[in-house]
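To start, the structure itself, in structure tokens.
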2 protein chains.
Amino acid sequence: MKHLPHKTIERLSQYRRALLLCHEKGKSHIYSHEIAKIQHITAVQVRRDLMLIGYTGTLRKGYNVKELIDLIGIIIDSEDGLHVAIIGMGNLGRALINYFAGKRSKLKIVAGFDTNPDKIGNTMSGVPCYSIEDMAKIVLENDIKIGILTVPADHAIATADLLVKAGIKGILNYTPKPVNVPKEVYLEEYDMITTLEKVAFYVKLQEMDEE
Amino acid sequence: MKHLPHKTIERLSQYRRALLLCHEKGKSHIYSHEIAKIQHITAVQVRRDLMLIGYTGTLRKGYNVKELIDLIGIIIDSEDGLHVAIIGMGNLGRALINYFAGKRSKLKIVAGFDTNPDKIGNTMSGVPCYSIEDMAKIVLENDIKIGILTVPADHAIATADLLVKAGIKGILNYTPKPVNVPKEVYLEEYDMITTLEKVAFYVKLQEMDEE
DNA sequence: GTATTTTTGTTAAAAAATTCACATTGTGAA
DNA sequence: TTCACAATGTGAATTTTTTAACAAAAATAC
Ligand SMILES: NC(=O)c1ccc[n+]([C@@H]2O[C@H](COP(=O)([O-])OP(=O)(O)OC[C@H]3O[C@@H](n4cnc5c(N)ncnc54)[C@H](O)[C@@H]3O)[C@@H](O)[C@H]2O)c1
Ligand SMILES: NC(=O)c1ccc[n+]([C@@H]2O[C@H](COP(=O)([O-])OP(=O)(O)OC[C@H]3O[C@@H](n4cnc5c(N)ncnc54)[C@H](O)[C@@H]3O)[C@@H](O)[C@H]2O)c1
């Protein structure tokens with residue numbers, strides 16, 4: 001397998017999420033068009049993605065749910081799991097910790113960081129909150145590879161720099177301030193307002209078309 | 001202007017966010033490569049996007065920040081603004097309301113919905129919380145066009161159906177359960193775990209390459 | 001046992017998005 | 001003035017992503 005498209009990676013994660021639900025419900029096989037329906041895409045798209053990862057279904061029976069879950073895991077997960085930290089234990093940081101807690105996954109939130117002395121030293125949903133001062137040390141000790149940035153926007157850039165200095169390998173930035181990282185650090189930025197504005201644009205477009 | 005690419009719409013929103021900051025700082029003009037730097041894309045990409053919306057900069061001086069902000073507004077915003085509701089006033093719902101509060105924008109969160117009697121009747125950051133039972137009425141009365149779904153995953157599908165019945169035009173689904181809507185309703189789904197798994201994949205890839 | 005249906009896997013085509021390459025031109029320096 | 005530079009704007013080329021089309025084969029129907 002040479003090189004998976006970006007979009008395929010995202011979809012594989014989504015397929016797995018859907019497949020896990022099917023598996024829980026006791027479904028042993030699934031057709032490409034069933035997966036497609038759930039994800040609002042086409043069956044060809046699904047088959048193409050699975051082709052790219054080299055998975056072969058059974059003709060007329062579809063794909064083996066369990067096998068496919070496992071294969072997707074082999075492709076996208078790190079074998080030994082991967083440690084994650086949240087920087088900024090405010091509304092969004094807490095919400096995320098809460099959301100992740102309990103999700104058994106190769107990704108584990110093992111630390112939070114904050115500057116607020118009232119938060120430092122406590123744990124939230126089992127995740128200890130450390131002082132930002134100790135970041136380098138904690139990142140090293142816990143082999144943390146990914147940081148989720150949920151500090152106030154004005155501290156985003158400085159905090160991203162700290163993360164890079166601490167040796168983090170990937171950053172997921174939820175603040176609305178784009179940050180800069182060296183090219184060996186993988187960066188993903190997401191702003192909810194952008195998404196909402198996109199929805200709004202297409203709603204407006206549709207209304208204009210109706211006229 | 002015939003038809004803007006999906007990606008261009010997202011970037012326009014991001015450009016505007018960056019431009020607003022520049023404007024606040026008193027910067028009157030900006031070059032395509034400056035915008036590009038902020039957004040981690042190429043200058044050609046920026047120029048192409050602006051070409052598509054028909055904006056023309058000044059040679060050697062760049063783009064007029066104020067003018068461009070206004071033009072992007074004309075393209076992506078609805079003239080009279082657009083009302084938004086949050087369904088599920090839990091961790092994430094509250095965090096979002098908090099985040100949006102005060103952002104002056106054409107998009108305004110005007111209502112929240114919940115099933116918890118302790119929450120119904122209160123306001124959060126100025127947004128009143130209504131019973132989900134009253135959704136149809138409130139949506140109509142307040143001309144709400146977009147719903148942000150932040151209910152527990154198991155209620156996502158039923159709640160999306162309610163929104164559609166209430167006459168909503170766009171849904172932004174933050175739950176990990178894909179929902180179904182008729183084709184005249186614009187749907188955008190986002191799962192933070194997918195994004196995190198994507199970051200993790202590329203981190204893993206980089207580590208493998210290093211070996 | 002043959003035909004029909006249904007589903008996979010894949011090659012080829014199309015569409016969408018990005019980048020290249022470069023003509024154009026305003027600005028400032030020599 | 002003339003030259004070199006630095007920026008925009010865009011047609012063409014390239015790359016990426018999606019979709020169409022269809023052969024192959026298993027299951028089912030008759
Ligand atoms: N709330 C949302 O739904 C939402 C959505 C999208 C983006 N965001 C963005 O996410 C960020 C956080 O939002 P929030 O609502 O959680 O804000 P918040 O104010 O509730 O939380 C911020 C936290 O960061 C801590 N902090 C401050 N400075 C810090 C520093 N230098 N290092 C580490 N921690 C620091 C604060 O003590 C606080 O606990 C903001 O940038 C916001 O724009 C929020
Ligand atoms: N917390 C996060 O960071 C996060 C991130 C991504 C996605 N999500 C998803 O967002 C959703 C909400 O997460 P949360 O952490 O805010 O959960 P939460 O339990 O804190 O909040 C859910 C809220 O929805 C209300 N509710 C329950 N049933 C309802 C119904 N039928 N109609 C309306 N309201 C109802 C509850 O009373 C509660 O206030 C979940 O689906 C979760 O998976 C959360």
Side-chain angles (χ1 to χ4, degrees), chain A residues 1-15 19 22 27-68 71-72 75 183 188 194 198 201-202 205, chain B residues 1-15 19 22 27-68 71-72 75-76 183 188-189 194 198 201-202 205:
Chain A
M1 189 190 334
K2 32 176 214 310
H3 174 61
L4 296 170
H6 260 248
K7 290 284 188 69
T8 295
I9 298 300
E10 288 177 15
R11 283 190 300 258
L12 287 174
S13 163
Q14 289 163 0
Y15 297 163
L19 289 165
C22 293
K27 200 168 161 69
S28 79
H29 287 75
I30 192 166
Y31 298 127
S32 58
H33 68 257
E34 293 178 297
I35 301 179
K37 183 92 181 292
I38 299 171
Q39 302 300 142
H40 316 300
I41 56 177
T42 67
V44 192
Q45 180 84 83
V46 173
R47 295 207 297 276
R48 161 75 29 150
D49 286 333
L50 299 189
M51 189 189 106
L52 290 173
I53 63 171
Y55 185 66
T56 296
T58 312
L59 194 46
R60 209 75 221 270
K61 244 181 124 182
Y63 303 96
N64 181 302
V65 173
K66 184 60 171 45
E67 273 177 28
L68 189 45
L71 178 58
I72 293 177
I75 305 281
K183 67 175 184 322
E188 185 85 25
T194 292
K198 187 178 167 192
F201 173 78
Y202 286 106
L205 207 65
Chain B
M1 190 191 331
K2 31 176 217 307
H3 175 60
L4 296 171
H6 259 248
K7 291 285 188 68
T8 295
I9 298 299
E10 288 177 16
R11 283 191 301 259
L12 287 174
S13 163
Q14 289 163 358
Y15 298 162
L19 289 166
C22 292
K27 200 168 160 68
S28 78
H29 286 77
I30 192 166
Y31 298 126
S32 59
H33 67 257
E34 293 178 297
I35 300 179
K37 183 92 181 294
I38 299 172
Q39 302 300 144
H40 316 300
I41 57 177
T42 66
V44 192
Q45 180 83 84
V46 173
R47 295 206 297 277
R48 167 80 39 182
D49 286 334
L50 300 190
M51 189 189 105
L52 290 173
I53 62 171
Y55 185 66
T56 296
T58 312
L59 194 47
R60 210 75 222 274
K61 245 180 122 181
Y63 302 97
N64 181 301
V65 173
K66 184 59 171 44
E67 272 177 26
L68 189 45
L71 179 59
I72 293 177
I75 305 283
I76 70 178
K183 67 175 184 323
E188 185 85 24
E189 312 206 302
T194 291
K198 187 178 167 191
F201 172 79
Y202 286 107
L205 206 65

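Convention: sequence-line order gives letters A, B, ...; per-chain numbering from 1. Quick note: numbers below take in every heavy atom, side chains included, and nothing from hydrogens, waters or symmetry partners.
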Spacing between [X] atom [atom1] and [N] atom [atom2], to the nearest angstrom:
X: B:Met51; N: C:dT18; atom1: CE; atom2: P; value: 14 Å
X: A:His29; N: C:dT8; atom1: NE2; atom2: P; value: 11 Å
X: B:Leu50; N: D:dG9; atom1: CG; atom2: C1'; value: 11 Å
X: B:Ile30; N: D:dA7; atom1: CD1; atom2: P; value: 13 Å
X: A:His6; N: C:dA16; atom1: NE2; atom2: C1'; value: 16 Å
X: A:Glu34; N: C:dT6; atom1: CD; atom2: C1'; value: 13 Å
X: A:Ile35; N: C:dT7; atom1: CD1; atom2: C1'; value: 13 Å
X: B:Arg60; N: D:dG9; atom1: CZ; atom2: P; value: 15 Å

Taking 4.0 Å as the cut-off, does a side-chain nitrogen or oxygen of [X] come that near to OP1 or OP2 on [N]?
X: B:Arg47; N: D:dG9; answer: no
X: A:Tyr31; N: C:dG9; answer: no
X: A:Arg11; N: D:dT18; answer: yes
X: A:Thr56; N: C:dT8; answer: no

- prompt: With respect to the side chain of B:Gln45, which nucleotide from C:dT18, D:dT17, C:dT11 is positioned closest?
  reply: C:dT18
Residue B:His33, side-chain heavy atoms: nucleotide from D:dT18, C:dT19, D:dA7 that is nearest: D:dA7
query: Roughly how far apart are B:Gln39 CD and B:Glu10 CD, rounded to 0.5 Å?
result: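 Result: 11.5 Å between the selected atoms.
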- prompt: How long is the gap from CD1 on A:Ile35 to OH on A:Tyr63, to the nearest 0.5 Å?
  reply: 7.0 Å
- request: Pick base, sugar-phosphate or nothing for A:Ser32, based on heavy-atom distances below 4.0 Å to the nucleic acid.
  value: sugar-phosphate
- request: Could you tell me whether A:Thr8 contacts a base, only the sugar-phosphate backbone, or nothing, with contacts defined as non-hydrogen atoms closer than 4.0 Å?
  value: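 No contact at all - A:Thr8 keeps every heavy atom at 4.0 Å or more from the nucleic acid.
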field: Check: B:Asn64 and B:Tyr55 side chains under 4.5 Å, non-hydrogen atoms
entry: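 Result yes, sub-4.5 Å side-chain heavy-atom pair found.
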query: Less than 4.5 Å apart, any side-chain heavy atom of A:Leu50 and any of A:Ser32?
result: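 In short, these two side chains do not touch, never coming nearer than 4.5 Å.
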- prompt: Hey, which of these two, B:Gly57 or A:Lys7, hits DNA chain D nearer its 5' end, going by closest nucleotide?
  reply: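 Nearest nucleotide further toward 5': that of B:Gly57.
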message: For the aromatic rings, using the six-membered ring if either is Trp, is the centroid distance between A:Phe201 and B:His6 under 6.0 Å?
response: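 Centroid distance A:Phe201-B:His6: not below 6.0 Å, so no.
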message: Heavy-atom nearest nucleotide on DNA chain C for A:Val44 versus A:Lys61: which residue maps closer to 5'?
response: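 By nearest-heavy-atom nucleotide position, the 5'-most residue is A:Lys61.
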Polar pair under 3.5 Å, donor/acceptor by atom type, side chain B:Arg48, base C:dT19: yes
